[in-house]
Amino acid sequence: MENILTGLCGTGPEDPLPLWVHGSIGHCFNQLTLNAIPHTILAAVSACFLGTPRSGSGVPCRPGWRCRIAASFILAVLFLADIIPATISQQELGPAYLEVLADGIAALTWLTHGVALLMLCRSTHGSTRGPAALALLTLLPLPSLIITLVWYCQSGTAWSPAHPTVSSRFTILCLQLASLLVYVISYLIPTTERHEFLSINSSWPQDQLISEPGTSVLVQQRVAEDGESWLSRFFYAWMNPLMERGYQWKLNQPQDVYLLPRHLHRAQEPVRLFSVLHAVFGLRFYSLGLLKLAGSLLSFSGPLLLNLLVNFMESRQEPLSHGVLYALGLFAGSFLGALLRNQFSHEVNKMTLMVRAAVISAIYRKALRVGGTRLSRFTVGEIVNFMSTDASRLVNFCLSFHEVWSLPFQFAITLYLLYQQVGVAFLGGLALALLLVPINKVIANRIMMSNKEMLQHKDARVKLMTEFLRGIRVIKFYAWEKHFSSRINACRAQELQKLRAIKYLDAVCVYLWAALPVVVSIVIFITYVLLGHQLTATKVFTALALVGMLILPLNSFPWVLNGTLEAKVSLDRIQRFLELEDQDLEAYYALGNGARCCWALGSGQEVFGGMLLGVVGKVGSGKSSLLAAITGELVKQGGRVYVCDLEQGFGLATQEPWIQFATVRENILFGRDYDARLYEEVLEACALSEDLNILPAGDQTEVGENGVTLSGGQKARIALARAVYQEKELYLLDDPLAAVDADVANHLMRKCILGVLQHKTRILCTHRTEFLEKADALVLMDNGRIVKTGPPADILPLVEAIPKFKDVDKRQKDNAPDEQSQEEDIETEAEESSQDNHLLRKEEEKKEGAVAFQVYKAYWLAVGSCLALSILFSLLLMQASRNISDWWLSHWISSISQTPNTSVTVCAASLPSVELLLFSTVGLVSPIQALDTAPVSSNTSADVNFYLMVYGSIAGANSLFTIFRAFLFAYGTIRAAVVIHNRLLQRVVKATVTFFDTTPTGRILNRFSSDLYCVDDTLPFILNIFLANMYGLLGMLVIITYGLPWIGLVLLPLAALYFSIQRYYRRTSRELKRLYNLTLSPIYTHFSETLSGLSSIRAMRAAERFELENQLHLEQNQRCLFASNTAVQWLDIRLQMIGVAVITAIAGIAIIQHQKELGNPGLVGLALSYALSVTNLLSGLISSFTMTETMMVSVERTEEYTTDIPVECPQGLALGLVEFQHVVLAYRAGLPNALDGVSFTVYPGEKVGVVGRTGSGKSTLFLALFRMLELKAGRILLDGVDSRSRLSSACRSRLAIIPQDPFLFSGSIRENLDPQGKRTDAELHEVLEQCHLRDAVTRMGE
């Protein structure tokens, strides 16, 4: 350091930085302390405002702002111009290097400041003077300029013709002062008073996508970060009210979290995902690298200055002022470094939020725009994984991207320093280290391949789980639970096989890189000796430290690359989805008649305004496909389709009614405004008035997901009412009369299709030919072709020729749905009769407080008690061996310094030895021997061999314990993942139907997708770090208190402060994590619901509204995630500031040690090196513990389903005789009875019909028989055996029911007919023949 100052200032080594020279302040002190340092501070603060978002108001900058911006850029130019005469004049004021350094820093500072002012001017600060502290910082360089001006005046050379360069520099100095004066005056110009940001926020209501009734104005309109001062931004003071609310348990709902900053609202529209993300976010993202670079360089200042401080301790020649200067330098470097690194993390987190929002929005938008045929290439499970897993990997890549360039940079510097220390001998160790790189690359490739395959198995499992949840009623009716559980477990087994491979390969990598430093060091030492050099302790310590620095980039870089490759895999997966061709309605529709779709040939049929066109034909003839062709859902291979008023869309009622998880009224309105007259007219026309009277809350009653609590008839009529309410000109009605009885069908035909819609164009597909006599024209279809068109009188006789038994059967079936409808109504009525029970969907519960001990216990038991204890013991052995190896090196130093021996001369190598402090715990003391040119103790060969042998033995034991612990931990966490999934699946499979009716599929899928991914991968990763930090802290405390007892005076109050901060933080962090999980499920649920009703959404032109709803759900989730991420930074900056205080205190202790001549140098150095990193370890411990606790929320959520959801009881075996004896059934305790003392007997072979008025309990009999609900009293005998005495699966497997809602699983037709594979082909063909489906299936096979 002295040599650097001496060369820079041109002074002597006895006083390298003189404060007072010839009666005035020294020029070097003035330039470095009063000029360069203030400018550096101003540049750092200004850089933090470069990312300030624009206000979007478009108001030009005020005159004061423009003057300040101009003055800043002029100052930058003036400082650059000053470099030219400074280099020419040489020693007029000071050495040229000093002048170039000071002017260069100043020019860069004012350039940065000018750009920051430009950003602030365009933000919400534009109507104010801007942050006052930023303006005050611009005055910091003023004393330096005034001192220089005074020197010119005193020297008399300001306007001397003999010194033109000095005169030009004086002129530039005057211009600099004038520009600074203009800057100050411009700041003082009066402007409009600064409004509170709450009022500014009201000027952009379009950005506030979420309406939050019921919250206070302050909470509702509080916006995160925008409009805050730089001091508040640095230390996250704006988060304090939110942290306080979390500490007081007041963060109970997403609305309690701040609104997102304005620039985080924007969701982009990627087409070529990577290129668009790069174009939109690239510049800002890359510019954050400057913050990282500055923070990384400042992190070097700590080890450099601390090395000088340790040398100061050992030296008896340096004055005390040097020690104080080193301590102050430590404080300043660590303080600024902490600020910049924290701001870098915060800005990157904000960037990842924008990327996440852009990707998720793009996926959702693409799903809305892709044709149904093309969308079928991807399953719902895959697309859900695009939103969750793949989007998370892209986000993680953003976090690690800057490591890609920083690690090679560090690697190159380390190689140079190692060469300076041991010469070409380092090449032997480097060759060995590089030899492991391809091995590590092979392992990384295997991990990537396993990861890709694991994702495929995960997609398959989530897809199968989605089908299982959607078809849960059918599965339970047919007792297929065991079969589907085995299929899900088979997918899970394949997924775990790949996860197991990934974890064990990770363990191999850990072992290789743990053993590598020792092996590389020994190879370097052997090479060094063979080259004829003498091996000394100084060389050993220096080489060990530098090898540690060399290993870190080599160790980290493959994983950074692996993360990059994972992100590339996810990017490609998402890109394949985004490359699907959108619906092009302009190209699809054209003038003309006749259309030929991917399956159909045929002549055209013109439909004129106001016509009722009937479409008839047998099952599979192409009626529904004709309507799909009209709406543009099929791929047109030829022909033309013309539709008038295409922009208006269609009124579509699909064959399988799509119902949203919302109230009845919301389903009917479908986003339109409420019109009481029209609404009542639609209800009457669709025969819904009586149904609404039965429901407890009328049309405000919520229906289940996909309308599970409604009958087929009710769903069909609500879907029809929704279409009618939209008031379109063209209606496409796909058999809406099929699910209702004859009376209701007649009502719908008379009052709706021929009534309310009489002036509309209607295309009606139906099998109910008796209602088609009043149609204007009919179309007869067969095998995807239009066979004939004409008036009803010509076409109906052709349809009548088809056997009528199907219609008879169909009418019998028609009654059943409607009857079940009424029973479902009774179910709803009984179930929801208590207050607010009309809201069928229960809000997902958010547990409060700390994660319960039972959750940790459940995970411990899932791992296994013996295995968990073995993992902890292996961790103890690993940490103990590591600490002992460090102590042994310290002991080596002490023994050498105390042993008289032959001396050799070692050349000064202060710069390389300084770097020991970066990654070695012994680096603080090793440079002591290498300072200046001094005699150092040299060991005999026997001594060196002895110390190396002991060190190698300890290090070998450490690497052995490391691999033992790595494999044990991997095995334990995989075992826990297996146990947790099995318990969760078994419980969900056994859950009652009521649970599935009241719980959205997305909420359950969230457990099997995001939460299980956390249990599989994220939780073990974080838990591993936490355990390592905890044991590392224990080891450090032992070493520190052994070597430097005085540090206890600092650690005791520090521990109390740490405990207070982490306790304050953890409460808020837990609540924010839970709110994040709570708001994540609606994204998946809404997306799944959108995919189910895609044809209806697009046909009725509601895609924009659904896209907006997705943005609402996403923004609410982003708000919670942003608050959670910022809370982490809030904690980090406070811990870093405490770390700054600790480092400063350590420096003070070192100075005291120097003055009192206390302590063993080896032990003191070891203790100081540990103390330097203990604050980072404490920070990591709190962060990892908090993250572990938040990750345990996923275990808590799975345990909630594992233990809390209601399950079915065992049930009996039925063979033919059914007897009800005084059966009483209620849907819940305390609610009215749905069945009240019912008794009857059905003998084997009998055919019994059940009739009764609406709500009399007909369908409830089936629910009781299948044990979907438990009896309150009485019993049901099946073949004389109480149904409660045997297993439900055995009973249901002998009962058969035709489900009301047709449901198909992905797979072959055979798998749908006979999932368990118990029937022969002949039996299945016979069934298809009876259902008139054999021909259709045969054609599909062709």
Side-chain angles (χ1 to χ4, degrees), residues 209-210 251-257 260 264 267 349 352-364 367 380-396 458 462 465-466 469 570 661 705 841-848 851 984 999-1019 1069-1091 1109-1128 1187 1189-1201:
L209 298 178
I210 298 182
L251 290 180
N252 299 318
Q253 53 186 347
Q255 287 78 10
D256 295 332
V257 181
L260 286 173
L264 296 187
N349 279 332
T352 60
L353 279 178
M354 290 190 285
V355 171
R356 177 175 181 261
V359 171
I360 292 179
S361 298
I363 292 171
Y364 186 88
V380 175
E382 284 181 299
I383 303 175
V384 168
N385 277 341
F386 293 157
M387 280 190 166
S388 57
T389 306
D390 294 303
S392 297
R393 287 182 168 185
L394 289 180
V395 165
N396 292 335
K458 180 182 175 67
V462 173
M465 197 68 207
T466 304
L469 295 174
S570 294
F661 200 155
E705 191 172 16
R841 169 168 38 188
K842 300 175 183 176
E843 290 298 326
E844 188 168 4
E845 294 182 1
K846 180 183 76 69
K847 294 182 181 295
E848 297 182 354
V851 177
L984 178 63
T999 307
T1001 300
R1003 193 178 299 172
I1004 305 175
L1005 275 180
N1006 205 2
R1007 261 75 171 182
F1008 284 91
S1009 178
S1010 296
D1011 289 322
L1012 268 184
Y1013 180 77
C1014 179
V1015 171
D1016 290 348
D1017 190 64
T1018 313
L1019 175 60
S1069 175
R1070 280 195 304 264
E1071 301 311 308
L1072 291 174
K1073 172 67 176 177
R1074 284 174 177 150
L1075 286 175
Y1076 167 73
N1077 282 327
L1078 201 67
T1079 55
L1080 191 60
S1081 293
I1083 296 177
Y1084 298 149
T1085 301
H1086 181 260
F1087 188 61
S1088 177
E1089 190 174 74
T1090 301
L1091 292 177
E1109 288 178 2
N1110 177 68
Q1111 293 293 334
L1112 295 178
H1113 293 305
L1114 179 60
E1115 182 189 341
Q1116 201 165 46
N1117 181 248
Q1118 292 273 88
R1119 285 170 56 184
C1120 298
L1121 182 57
F1122 175 73
S1124 181
N1125 289 342
T1126 309
V1128 174
M1187 292 182 70
E1189 192 174 42
T1190 54
M1191 292 300 110
M1192 289 299 292
V1193 171
S1194 293
V1195 179
E1196 179 185 57
R1197 285 160 58 84
T1198 59
E1199 279 298 301
E1200 176 190 355
Y1201 276 18

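The figures that follow rest on heavy atoms only: side chains count, while hydrogens, waters and symmetry mates do not.
Between atom CG of residue Leu1080 and atom CG of residue Leu1075 there is a gap of 12.5 Å, rounded to the nearest 0.5 Å. Rounded to the nearest 0.5 Å, atoms SG (Cys1120) and CG (Asn1125) are 11.5 Å apart. Put simply, CD1 on Ile360 and CD on Gln1118 are 6.5 Å apart, with the number rounded to the nearest 0.5 Å. The distance from the CZ atom of Arg1003 to the CG atom of Leu1078 is 7.5 Å, given to the nearest 0.5 Å. Residue Ile1004 holds its CD1 atom at 9.0 Å from OG1 of Thr1085, rounded to the nearest 0.5 Å.
We find that Glu1200 and Arg1197 are not joined by a salt bridge, their nearest charged nitrogen and carboxylate oxygen being 4.0 Å or further apart.
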(message) Pair Asn349, Thr1126 - check side chain to side chain contact (heavy atoms under 4.5 Å, CB included), show working.
(response) CA-CA 8 Å; Asn349 279 332; Thr1126 309; over 6 Å; no
(message) Before you tell me yes or no, could you show the steps for Arg1007 and Leu1012 under side chain to side chain contact (heavy atoms under 4.5 Å, CB included), namely the whole-Å CA-CA distance, both residues' side-chain angles and the distance that decides it to 0.1 Å?
(response) CA-CA 6 Å; Arg1007 261 75 171 182; Leu1012 268 184; over 6 Å; no
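Among all heavy-atom pairs drawn from Glu1089 and Phe661, the shortest one is OE2-N, 2.6 Å. The minimum heavy-atom distance between Asn1117 and Tyr1076, with the atom names listed, is ND2-O, 3.0 Å. Closest approach of Leu1005 and Val462 over heavy atoms only: CD2-O, 4.1 Å. Scanning both residues, Ser361 and Leu1114, for their nearest heavy atoms gives OG-CD2, 3.5 Å.
Between His1086 and Tyr364, the ring planes are parallel. Angles under 30° get that label, and only those over 60° would be called perpendicular.
Put simply, the side chain of Ser1009 reaches to within 4.5 Å of the side chain of Asn385, judged on heavy atoms. Asp1016 is not listed as a side-chain neighbour of Lys458, based on a closest heavy-atom distance of 4.5 Å or more. Taking 4.5 Å as the limit, some side-chain heavy atom of Tyr1013 sits within range of a side-chain heavy atom of Thr1018. With contacts defined as side-chain heavy-atom distances shorter than 4.5 Å, the pair His1113/Thr1079 does not qualify.
A donor-acceptor contact under 3.5 angstrom links the side chains of Ser1081 and Asn1006, judged on distance only.
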